[in-house]
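By convention in this document, chain letters (A, B, ...) are assigned in the order of the sequence lines, proteins followed by strands, and residues within each chain are numbered from 1.
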Amino acid sequence: MRFFIIKLLILLSFFSLSSNLLASSSESIKVNPTHKEETYKTKTLSEMVAGFVKLTGIAALINPDPDELNAQGKKMSDFHKSWGRIIMILITFLLFYLAIAKGFEPLLLLPIAFGGLLANIPVANIAGEHGFLGVIYNMGLANEFFPIIIFMGVGAMTDFAPLLSNPKTALLGGAAQFGIFGTLVGAVALSQYTDMFSFTLQQASAISIIGGADGPTSIFIASKLSPELLGAIAVASYSYMAMVPIIQPPIMRALTTEKERKIKMKTMRKVSNLEKLIFPIMVLILAILVLPESTPLIGAFMFGNFLKESGVVERLNDTLQNSLINITTIFLGLGVGSKLAADQFLVAETLAILALGIVAFSAGTAAGVLMAKLMNLFPGTKINPLIGSAGVSAVPMAARVSNKVGMEYDRSNMLLMHAMGPNVAGVIGSAVAAGVLISIFA
Amino acid sequence: MEELNLVFEGLKFMVLGMGTVFLFLVILIFAINIQAKVIARYFPEVKKLVMPTPVIQKNTNAKIAAITAAVLHHRKLQSKAKNG
């Protein structure tokens with residue numbers, strides 16, 4: 001075996017020598033297929049083995065190359081090259097566990113976590129500009145393209161009938177956006193008066209949009225306003241959305257009385273198909289008139305919904321709801337995962353983002369519930385405040401949580417469809433809020 | 001001065017943001033209500049008329065015979081069950 005390798009080496013070195021001679025003798029051949037061989041220097045076997053060992057993952061993790069650059073072509077610290085990567089890989093394993101064993105938004109968490117695993121591989125530089133994660137990121141995340149496609153699919157999956165039959169519940173979806181702006185003020189105040197963290201207005205806005213509980217919107221805003229925080233924001237956003245059934249119920253119980261939780265809402269009127277067909281166009285026209293900056297998100301959302309409600313393009317509707325959104329989800333997840341590289345994720349800001357994110361989420365939930373209580377002070381049909389929490393988007397998880405908590409107090413109280421109203425209004429609300437933030441920084 | 005400004009900016013964002021969100025949704029609520037009224041008034045959903053299924057003349061006699069036979073058979077079975 002060894003003899004064979006030596007023979008091969010001799011052969012190779014001879015070949016490189018001869019091609020060298022060839023290249024020098026005839027200058028006309030500048031770019032030739034033996035270009036690689038030209039730069040190949042003859043090595044002894046021990047040199048080769050040493051070179052190979054240097055490029056193994058073990059060596060790169062223990063004793064990283066001092067000149068190695070991160071995906072953005074900047075220098076990174078030794079910690080991020082060695083222990084940082086190991087820690088990040090362990091974190092992705094934790095995410096695998098949460099997604100598979102605990103069922104936390106596995107559709108997104110698994111691609112994100114695997115992307116994170118790949119992005120933390122030393123030497124291979126998969127998240128770099130020419131690595132496939134880098135290509136995916138530049139293809140659809142850097143230009144905010146994938147979130148828009150996801151919005152089309154979500155639009156095709158959304159049924160606005162509950163909102164149309166009880167439109168005033170839309171106010172709950174508006175109140176829940178307080179989570180975004182309340183957190184924004186809090187984040188700016190904390191970066192101003194304490195040393196805990198220092199976020200700019202753009203960064204604070206991008207972080208607080210987590211309170212909208214809408215993954216695509218968060219990614220859309222983050223990649224527009226502060227792409228450097230995208231990974232942490234996306235991970236926070238999707239993990240909190242997955243944890244809606246854990247985060248929301250305590251807040252809902254704390255803010256309501258037992259009597260309020262048992263309020264029964266009257267059955268909804270039937271909504272005609274024509275109403276459902278006109279609705280997306282109406283929302284879009286409204287968005288065009290009030291806030292054109294929100295139309296990329298709302299336009300895509302309503303496009304999907306319009307195709308669905310038109311009833312004549314079942315094939316396109318089916319594609320939007322299934323194949324297209326699935327393909328995009330894979331790419332979106334991997335692209336976000338590429339931002340889980342140690343040098344970008346293992347920074348002090350990430351902890352602050354995770355903390356602010358949960359504050360934003362809780363504030364939104366609380367604002368929705370309180371808004372329902374406020375509306376009950378006025379004459380008219382009463383609203384069960386439990387559906388207020390569904391005003392944060394997180395469709396349809398938040399609505400299911402409202403239903404579940406309601407059933408705990410009255411087995412016969414079906415709140416699901418009533419909660420879908422504020423739920424879909426929350427999607428529109430957070431898209432509007434996103435449009436406001438974009439228009440401020442435009 | 002600079003420091004004060006940042007929080008104040010944040011508050012302005014909040015007023016503008018929440019104001020726009022509510023304005024948008026309130027207009028939307030009105031629009032939905034108007035739309036519902038207009039549609040109910042001028043374009044009521046036409047209940048699909050149940051078309052009387054055209055009776056196929058062919059084989060009518062044979063069918064009647066079959067049904068009669070079946071009914072008779074059924075009655076026979078029932079009377080048997082009662083007696084038995």
Side-chain angles (χ1 to χ4, degrees), chain A residues 160 163-178 180-193 199-201 204-205 208 269-275 278-279 282-283 285-287 289-291 294 298 367 425 428-437 439-440, chain B residues 1-60 62-64 66-67 70-71 74 78 81:
Chain A
F160 281 110
L163 179 64
L164 288 166
S165 73
N166 195 0
K168 71 175 178 180
T169 55
L171 290 179
L172 304 173
Q177 308 313 317
F178 175 76
I180 297 176
F181 294 102
T183 311
L184 172 58
V185 174
V188 180
L190 282 179
S191 17
Q192 199 71 112
Y193 298 117
F199 288 123
T200 62
L201 272 172
S205 305
S208 44
R269 75 175 170 90
K270 176 125 179 26
V271 177
S272 74
N273 285 337
L274 188 59
E275 274 184 88
I278 294 175
F279 182 75
M282 193 177 75
V283 177
I285 290 175
L286 206 56
L289 296 178
V290 178
L291 192 65
S294 68
I298 291 185
I428 299 176
S430 47
V432 173
V436 173
L437 290 176
S439 73
I440 289 173
Chain B
M1 263 341 267
E2 185 71 23
E3 303 214 340
L4 255 178
N5 268 344
L6 209 54
V7 176
F8 191 60
E9 286 301 306
L11 283 171
K12 281 196 284 188
F13 281 27
M14 179 149 90
V15 172
L16 182 70
M18 288 307 282
T20 316
V21 170
F22 272 111
L23 177 78
F24 191 92
L25 291 175
V26 167
I27 299 174
L28 190 65
I29 292 171
F30 277 111
I32 292 174
N33 282 331
I34 294 168
Q35 176 193 263
K37 283 201 183 102
V38 169
I39 288 178
R41 174 92 174 68
Y42 297 103
F43 307 96
E45 195 146 79
V46 192
K47 285 242 170 78
K48 278 206 180 127
L49 291 173
V50 185
M51 291 293 230
T53 37
V55 183
I56 302 160
Q57 291 295 320
K58 234 174 24 179
N59 287 337
T60 313
K63 264 186 196 163
I64 289 174
I67 292 167
V71 169
H74 179 71
Q78 281 211 323

The reported gap from CG in A:L164 to CD1 in B:I39 (rounded to nearest 0.5 angstrom) is 9.0 Å
Taking atom NZ of A:K168 and atom CG of B:L25, what is their separation to the nearest 0.5 Å? 15.0 Å
At a 4.5 Å cut-off on heavy atoms, which part of A:I440 comes close to chain B: side chain, backbone, both, or neither? side chain
Below 4.5 Å, heavy atoms only, C-beta onward: do A:V283 and B:F24 meet side chain to side chain? yes
With chain B as the partner, which of A:I278, A:L289, A:L291 has the greatest number of non-hydrogen pairs under 4.5 Å? A:I278
Residue pair B:M14 / A:F178, side-chain heavy-atom distance below 4.5 Å: yes
Between the CG atom in A:L163 and the CD1 atom in B:I32, the distance rounded to the nearest 0.5 Å is 4.5 Å
Output all residues satisfying side-chain contact (heavy atoms from CB on, under 4.5 Å) with A:A433, sequence neighbours left out; order by chain, then residue number. A:I180, A:F181, B:V21
Structural part of A:A175 lying under 4.5 Å from a heavy atom of chain B: both
Closest heavy-atom pair and its distance - A:G174, B:M18: O-CE, 3.7 Å
If one checks every heavy atom of B:L11 against chain A at 4.5 Å, the contacting part turns out to be both
Minimum-distance pair of heavy atoms, taken over all atoms of A:P167 and B:N33: CG-OD1, 3.3 Å
Per-residue tally against chain B (heavy atom, under 4.5 Å) across A:S205, A:A287, A:G186, A:G173 peaks at A:A287
Is chain B contacted by the side chain of A:L190, its backbone, both, or neither, given a heavy-atom distance below 4.5 Å? neither
Quick one: are A:M282 and B:L28 in side-chain contact, heavy atoms under 4.5 Å? yes
Residue, of A:V290, A:L286, A:V436, that accumulates the most heavy atom pairs under 4.5 Å with chain B: A:L286
Is A:V185 close to B:F13 at the side-chain level, that is, under 4.5 Å between some pair of heavy atoms? no
